[in-house]
*Asks:* 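So that we are looking at the same thing, I have put the structure below in structure tokens.
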2 protein chains.
Amino acid sequence: MQISMKCSVAVHCLIFIHEAKGVAKVTSNLLAQSTGCNPVIIRNVISGLKKAGLVTVARGTGGAQLCADPSEITLYQIYSALEPDGLSGLIGIHACQGRKCPIAQNIGQVLQKPYQQIEDAIKQTMESITLQSMIDDFHQLVQKPE
Amino acid sequence: MQISMKCSVAVHCLIFIHEAKGVAKVTSNLLAQSTGCNPVIIRNVISGLKKAGLVTVARGTGGAQLCADPSEITLYQIYSALEPDGLSGLIGIHACQGRKCPIAQNIGQVLQKPYQQIEDAIKQTMESITLQSMIDDFHQLVQKPE
DNA sequence: TTGGATGTAACTCTTAACATTACATCAAAT
DNA sequence: ATTTGATGTAATGTTAAGAGTTACATCCAA
């Protein structure tokens with residue numbers, strides 16, 4: 001398990017949808033071209049975002065739209081929309097139960113606290129980053145290239 | 001890339017070495033039995049810890065020993081000893097350079113800041129956790145089972 | 001010199017991320 | 001109503017990285 005590419009693709013899509021508002025109909029094919037991913041990957045990502053209530057998708061006719069204010073959407077919401085298991089499993093623990101060694105018996109418990117702290121730190125940081133802030137950064141980059 | 005099992009195995013080994021001090025000679029076979037890993041995995045992990053200056057290993061005769069105070073060894077040191085590339089690469093970014101779309105051209109830059117923040121948060125948390133604190137937790141668990 | 005240990009290279013196995021194909025479903029436009 | 005272009009998703013294929021294993025050179029103390 002890891003923090004996969006899907007998260008980056010999702011941010012890409014959300015910014016794209018935001019920028020295209022009122023300009024173009026955002027289809028999965030269009031997003032596939034912009035991201036370089038397969039349209040099915042896009043549809044899966046968008047599907048997760050839809051279930052999380054971040055976008056609406058017009059079935060049949062096509063087209064995705066944001067259904068929340070970008071300043072209300074955090075990176076953690078985006079990540080959670082794509083990874084049902086959340087951050088647990090990000091850090092691997094070796095299986096060594098059922099052994100006589102007292103260390104083997106307790107290492108799981110010992111590691112739980114540090115790993116929980118790490119996950120909490122990641123979560124907090126992700127919650128502090130909004131889609132709006134990333135859109136702002138994007139606009140700055142576009143306006144003054146180099 | 002991920003925070004792999006190796007890190008957990010390394011902590012397991014370090015606690016084992018600490019507890020075995022003056023009691024038994026800690027060989028890779030012994031650690032392999034306790035962790036449930038292959039002896040080669042253990043030797044690779046120990047090799048990393050050795051290069052990082054955390055343990056010494058007696059060649060030929062065998063046996064590993066801590067060569068730093070557990071309160072001076074942080075989880076980040078342990079992790080870094082095993083993952084030469086550090087935390088970069090923990091989060092995947094899709095490749096979409098060389099496309100006309102301005103979002104594709106800038107998404108990498110836009111994502112860099114958030115991802116750097118996440119990595120820094122992980123690093124800080126890992127630096128705040130010492131081997132000593134994990135040894136203390138282990139002792140507490142052993143003394144009062146259940 | 002023998003025995004048990006480490007240090008690594010090379011290879012295989014396994015799993016999960018990622019990509020692709022295929023097709024059912026849907027809704028607007030003609 | 002049929003066509004057209006879109007979404008939703010199952011099923012499968014591909015690939016890369018983690019994990020495991022074998023093999024063997026090297027080392028040191030008894």
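Every chain is numbered from 1, with letters handed out A, B, ... down the list of sequences.
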*Asks:* Calculate the interatomic distance between B:I41 atom CD1 and C:dT12 atom P; express it in whole Å.
*Replies:* 17 Å
*Asks:* Locate the shortest heavy-atom distance separating A:S34 from B:R99; write the atom from each residue and the value.
*Replies:* O-CD, 3.4 Å
*Asks:* Quick one: on DNA chain C, does B:K25 or B:K51 contact a more 5' nucleotide (nearest heavy atom)?
*Replies:* B:K25
*Asks:* Using heavy atoms to find the nearest nucleotide of DNA chain D for B:T61 and A:N44 separately, return the residue whose nucleotide is more 5′.
*Replies:* A:N44
*Asks:* Could you check how far CD of A:Q65 sits from P of D:dT7, rounded to whole Å?
*Replies:* 13 Å
*Asks:* Which whole-number value in Å describes the distance from A:R59 CZ to C:dA24 C1'?
*Replies:* 9 Å
*Asks:* Please tell me if A:T27 has a side-chain N or O lying less than 4.0 Å from either OP1 or OP2 of D:dA6.
*Replies:* no
*Asks:* Side chains of B:Q124 and B:D120: do they bring a donor and an acceptor to under 3.5 Å?
*Replies:* no
*Asks:* With a non-hydrogen cut-off below 4.0 angstrom, is B:G62 in contact with a base, only sugar-phosphate, or nothing?
*Replies:* sugar-phosphate
*Asks:* Have a look at B:V57 and say if it touches a base, only the backbone sugar-phosphate, or nothing, with a 4.0 Å heavy-atom cut-off.
*Replies:* sugar-phosphate
*Asks:* For A:K6 and C:dA16, what is the distance between atoms NZ and P respectively, to the nearest whole Å?
*Replies:* 13 Å
*Asks:* Rounded to whole angstrom units, what separation is found between the CZ atom of B:R43 and the C1' atom of C:dG4?
*Replies:* 11 Å
*Asks:* Can you check the B:K50 NZ to C:dT8 P distance for me, whole Å?
*Replies:* 6 Å
*Asks:* Determine the sole option in A:Q132, A:Q140, A:H139 for which the side chain to side chain donor-acceptor pair (under 3.5 Å) test with A:D136 is passed.
*Replies:* A:Q132
*Asks:* Give the rounded distance in Å between these two atoms: CD1 of B:I42 and P of D:dT21.
*Replies:* 12 Å
*Asks:* What orientation do A:H12 and A:F16 show, parallel under 30°, tilted 30 to 60°, or perpendicular over 60°?
*Replies:* parallel
*Asks:* Would you mind reading off the distance between B:L49 atom CG and C:dT6 atom P, rounded to a whole angstrom?
*Replies:* 14 Å
*Asks:* Compare the minimum distances between each of D:dT22, D:dA6, C:dA19 and the side chain of B:V40, then state the nucleotide with the smallest one.
*Replies:* D:dT22
*Asks:* Would you say A:S47 places a side-chain N or O within less than 4.0 Å of OP1 or OP2 belonging to D:dT7?
*Replies:* no
*Asks:* Do B:Y115 and A:S8 have a side chain donor and acceptor closer than 3.5 Å?
*Replies:* yes
